[in-house]
Amino acid sequence: MNEKLLDAWLKLTTAIVNERVVTDLPYNESVICNILYRNHRENSDQAVTATDLCQEMKMQKSQMNRTLSNMEQKQMISRERSETDKRQILVRLNMSQMEIYQRQHERILALIDRLLEQIGPEKAEDIVDLFTQIANTAEEIIK
């Protein structure tokens, strides 16, 4: 069973990270945009710290800094030092430059919609619960 689960996991992650799905931005930039975009919608543009991004993406600080620098050069984000804690770097989306991300995000959502049509809403709910459980369990085990 563990070989079957590994095969299914690799097949799914390969399909998701495949360049044909995420074409307009590098994968890490896409994920950072998604985190910041979700945060922007849910928390009224409250900034996210670079440390929070590192933790959520499981990235090393040096790799995160490099990725954020690239995104800043493209004017996709802005970074500023926190007024309350000078050690923290706050990261915000530049919403006026989000056309590339939004176009890619909509293309991915359209793919997900097609998947949902194939599997149905009941199975989709089960899959969301199962994916969440697997991700949470994996994080606990890896720690």
Side-chain angles (χ1 to χ4, degrees), residues 2-3 5-121 123-143:
N2 60 357
E3 287 292 338
L5 182 58
L6 177 60
D7 288 345
W9 183 273
L10 291 174
K11 190 181 255 186
L12 176 62
T13 57
T14 300
I16 291 171
V17 179
N18 189 316
E19 289 185 30
R20 287 174 286 189
V21 175
V22 180
T23 57
D24 297 334
L25 294 171
Y27 180 74
N28 286 338
E29 290 182 18
S30 295
V31 175
I32 291 169
C33 281
N34 182 266
I35 293 167
L36 294 173
Y37 188 72
R38 255 184 324 175
N39 185 70
H40 175 80
R41 279 192 338 236
E42 295 167 5
N43 299 313
S44 301
D45 197 31
Q46 180 181 349
V48 175
T49 67
T51 303
D52 291 338
L53 289 171
C54 285
Q55 289 173 348
E56 189 161 345
M57 291 188 63
K58 311 294 187 252
M59 280 177 77
Q60 293 182 352
K61 205 176 211 179
S62 59
Q63 184 181 9
M64 180 61 70
N65 283 332
R66 207 171 25 254
T67 303
L68 292 176
S69 291
N70 289 339
M71 293 176 74
E72 197 170 35
Q73 286 176 354
K74 296 175 187 176
Q75 299 180 342
M76 296 174 70
I77 62 160
S78 63
R79 291 189 283 183
E80 60 192 55
R81 200 163 290 286
S82 169
E83 294 292 322
T84 56
D85 184 348
K86 298 294 183 188
R87 297 169 296 172
Q88 289 185 332
I89 303 296
L90 303 176
V91 182
R92 291 188 202 288
L93 274 178
N94 179 356
M95 294 306 289
S96 67
Q97 296 295 320
M98 284 295 97
E99 182 181 325
I100 292 172
Y101 169 73
Q102 288 171 328
R103 185 174 55 239
Q104 177 173 281
H105 186 71
E106 295 205 7
R107 191 173 59 245
I108 292 169
L109 289 178
L111 171 65
I112 292 170
D113 286 343
R114 290 191 350 238
L115 289 169
L116 291 174
E117 288 173 11
Q118 296 284 325
I119 63 173
K123 281 186 181 177
E125 286 292 332
D126 291 342
I127 290 169
V128 168
D129 292 342
L130 188 58
F131 281 180
T132 302
Q133 182 181 359
I134 290 170
N136 291 340
T137 304
E139 281 184 352
E140 289 173 19
I141 291 170
I142 291 169
K143 284 181 184 176

TODO: Starting from the C-alpha separation in whole Å, work towards a yes-or-no answer on side-chain contact (heavy atoms from CB on, under 4.5 Å) for Thr51 and Arg87.
DONE: CA-CA 10 Å; Thr51 303; Arg87 297 169 296 172; over 6 Å; no
TODO: Begin with the C-alpha distance, continue with both residues' side-chain angles, and end with the deciding distance and a verdict on side-chain contact (heavy atoms from CB on, under 4.5 Å) for Leu25 and His105.
DONE: CA-CA 11 Å; Leu25 294 171; His105 186 71; over 6 Å; no
TODO: Would you check, one step at a time, whether the test side-chain contact (heavy atoms from CB on, under 4.5 Å) holds for Arg81 with Ile89?
DONE: CA-CA 5 Å; Arg81 200 163 290 286; Ile89 303 296; 3.6 Å; yes
Task: Verdict with supporting geometry, Leu53 and Glu56, side-chain contact (heavy atoms from CB on, under 4.5 Å) - done: CA-CA 5 Å; Leu53 289 171; Glu56 189 161 345; 5.7 Å; no
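The minimum heavy-atom distance between Leu116 and Ala124, with the atom names listed, is CD2-CB, 3.2 Å. Residues Ala47 and Arg92 approach most closely at N-NH1, 3.0 Å, considering heavy atoms.
The distance from atom OH of Tyr37 to atom CE of Met98, rounded to the nearest 0.5 Å, is 9.5 Å. Residue Arg79 holds its CZ atom at 5.0 Å from CG of Leu68, rounded to the nearest 0.5 Å. Between Ser30 atom OG and Ile108 atom CD1 the span is 6.5 Å, to the nearest 0.5 Å. Distance CE/Met64 to OG/Ser69: 11.5 Å, rounded to 0.5 Å. Note: Glu72 CD to Asn94 CG = 10.5 Å, rounded to the nearest 0.5 Å. Remark: Lys58 NZ to Ile142 CD1 distance equals 8.5 Å, nearest 0.5 Å.
Other residues, nucleotides and ligands contribute only 12 or fewer heavy atoms inside 6.0 Å of the NZ atom of Lys123. The environment of Lys86 atom NZ is dense: over 12 non-hydrogen atoms of other residues, nucleotides or ligands sit within 6.0 angstrom. The environment of CD in Glu139 is crowded: more than 12 heavy-atom neighbours from other residues, nucleotides or ligands sit within 6.0 Å.
With a 4.5 Å cut-off on side-chain heavy atoms, Asn34 and Arg38 count as touching. Between Leu36 and Met76, the closest side-chain pair of non-hydrogen atoms is not below 4.5 Å. Put simply, the side chain of Trp9 reaches to within 4.5 Å of the side chain of Ile134, judged on heavy atoms. Residues Gln75 and Ser96 have side chains not in contact (no heavy-atom distance under 4.5 Å, counting atoms from C-beta outward). Residues Asn70 and Gln73 are in side-chain contact: their nearest non-hydrogen atoms beyond the backbone lie under 4.5 Å apart. The side-chain heavy atoms of Met57 and Ile35, taken from C-beta on, include a pair separated by under 4.5 Å. The side-chain heavy atoms of Thr49 and Leu90, taken from C-beta on, include a pair separated by under 4.5 Å.
In this structure, Arg103 pairs ionically with Glu99, as a charged nitrogen and a carboxylate oxygen lie closer than 4.0 Å.
Side chains of Thr84 and Ser82: a donor on one and an acceptor on the other come within 3.5 Å.
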